[in-house]
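Quantities reported herein were computed from a predicted structural model and do not represent experimental measurements. Proteins get letters first, then strands, A, B, ... in listed order; numbering begins at 1 in each.
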There are 2 protein chains.
Amino acid sequence: MMPPAPPAAENPASDVVPDEGAAPAFSPLYQQIKTLILQRLEAGDWKPGEAIPSETDLALRFRVSQGTVRKAIDELAGENLLIRRQGKGTFVATHSERHVQYRFLKLRNDSGEYEHSERRVLECRRSRAPAEVARALQLRSGEAVMQVRRVLLFSGIPRVLEDIWLPGQTFKGLSTAQMQAYKGPTYAMFELDFGVRMVRADEKLRAVAASADQAHLLDLAEGSPLLSVERLSYTYNDAPMELRRGFYRTDSHHYHNQLN
Amino acid sequence: MMPPAPPAAENPASDVVPDEGAAPAFSPLYQQIKTLILQRLEAGDWKPGEAIPSETDLALRFRVSQGTVRKAIDELAGENLLIRRQGKGTFVATHSERHVQYRFLKLRNDSGEYEHSERRVLECRRSRAPAEVARALQLRSGEAVMQVRRVLLFSGIPRVLEDIWLPGQTFKGLSTAQMQAYKGPTYAMFELDFGVRMVRADEKLRAVAASADQAHLLDLAEGSPLLSVERLSYTYNDAPMELRRGFYRTDSHHYHNQLN
DNA sequence: CAGTGGTCTAGACCACCAA
DNA sequence: TGGTGGTCTAGACCACTGC
């Protein structure tokens, strides 16, 4: 199961290599390396946007070959947790980058282009989690949550109404000003101000009829069809960190999805 | 750019290796191998479900190392064109497999499970392509197309109404009986009966109000919200081969999407 | 048992980037 | 120029499948 591997490696004891100890079971070496790197990311040892050590460096630390480290990093890059830049290094992924701007917002106009949107925060307050929200975020019912309601405008026209729920513990102090003022993706702000990085999300889409309330905010007739997008976002370790309900006007825009 | 590579390789002249000749430009060896394999797939030399030659075999033919072939195959497997099975070989992917049954139909019930659906073909006829359809399928306007209309039922309840357009040339002879009778995915039938393999697709989602016609067929009130799913499917070489417009009832089901 | 994919190594060289 | 990721090789051994 293991190479002849000499005594120890790396710094303050902590991460030795493919090794028994209290370890769970068997898995390929590169998977174990991947897990070790993941732990560093979760722990925040390497922060979004920063470079991680070079492949050769990591190979030395972990006492494996460069190719093994490479395979671990390949998978992490494939999961959008790391970004490789030839000649420069490997970096911790962030939502601040241009080319992932629209990884989560899949609304395009009917020419197929993404459009910049303007935010209007209607509400941002601390409240208690409804049962449904608590379940999704794995909180106790009634526990504190931050609740945000906002409208996104494309070319000045309100097209998206969103309700966002966040664990109150982690997002303590989130304010309207903060939600409103930050330029760039909201998830980038979450990284900078709260140290929370969204890693993946599940979305459930439905067609619904606009309520009076929704119709008013989106400048529509009541009962007009709206695309309902319920998103549950996760950080590392599959921990749910955000529940978001969006209502999209799709009269001149659409939700684009690529099937592979 | 190249290893010391001896004279020729492989069978009847055709595919020599990383080589100048009339080749376009420079690319990594494994990319060139990938292209060669792709050409075989497109040509139908290796058919859906069949095994392709082993890695070592291909390495010998192409006169590269096994690792290089491996990397080429890795990418093709990542694109769902090939499937690796340890101990058995590498196979051309097909829509007949259990675990990709729901790669394209992303409708789940509200418990999050996929449900088996029953088909009811309402219409299957030869006609002329409307301008819009012709554009999508890259045909001339008015050119022959096969047109299918069907309803999908989940637990006996009609939930999806679909209109499908296919190039008349390629799908000549497609019949109602054929659409209706085949057990398993429609795309698997396309592979078996017409030699067409769908490789990827783009979908545009919108919320719309049900027309009288749609409402009738889906057992709904006119004006009820429906999820409109417009799908353009592609074969090899990014050639569009099917346009499909689906209307989904989402009162007890939803379209599920995973964002990575 | 032989054959196939899966892992791992060690070392060479290339392509890209920044100082 | 030196450092980083990217490609390629050759060979060893492991894990799984089926005869």
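Distance CG (A:L29) to P (C:dA10): 11 Å, rounded to an integer number of Å. Put simply, CD on B:Q32 is 8 Å from P on D:dC8, counting in whole angstrom units. A:Q66 places its CD atom 16 Å from the P atom of D:dT9, with the value rounded to the nearest Å. For the pair A:Q31 CD and C:dT7 P, the interatomic distance rounds to 8 Å; values are reported in whole Å. Atom NZ in B:K71 sits roughly 10 Å away from atom C1' in D:dC8 (whole-Å rounding). Rounded to whole Å, the distance from CG on B:D74 to P on D:dG6 is 15 Å. Atoms NZ (A:K34) and P (C:dC8) sit 13 Å apart, rounded to a whole Å.
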Check: residues 83-91 of chain A side-chain donor-acceptor pairs under 3.5 Å, at least two apart:
residue: A:R84; atom: NH1; partner: A:D74; partner atom: OD1; Å: 2.4
residue: A:R84; atom: NH2; partner: A:E55; partner atom: OE2; Å: 2.0

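Remark: side-chain polar atoms of A:E50 are paired, donor with acceptor, to backbone N or O of A:K47 under 3.5 angstrom.
Within residues 76-86 of chain B, the residues approaching DNA chain C are B:R84, B:R85, B:Q86, by heavy-atom distance under 4.0 Å.
Here the shortest heavy-atom pairing between A:Y182 and A:A188 reads OH-CB, 3.6 Å.
Taking the six-membered ring for Trp and the full ring otherwise, the centers of A:H256 and A:Y114 sit at least 6.0 Å from each other.
In terms of phosphate contacts, B:S65 brings no side-chain nitrogen or oxygen within less than 4.0 Å of OP1 or OP2 of D:dA10.
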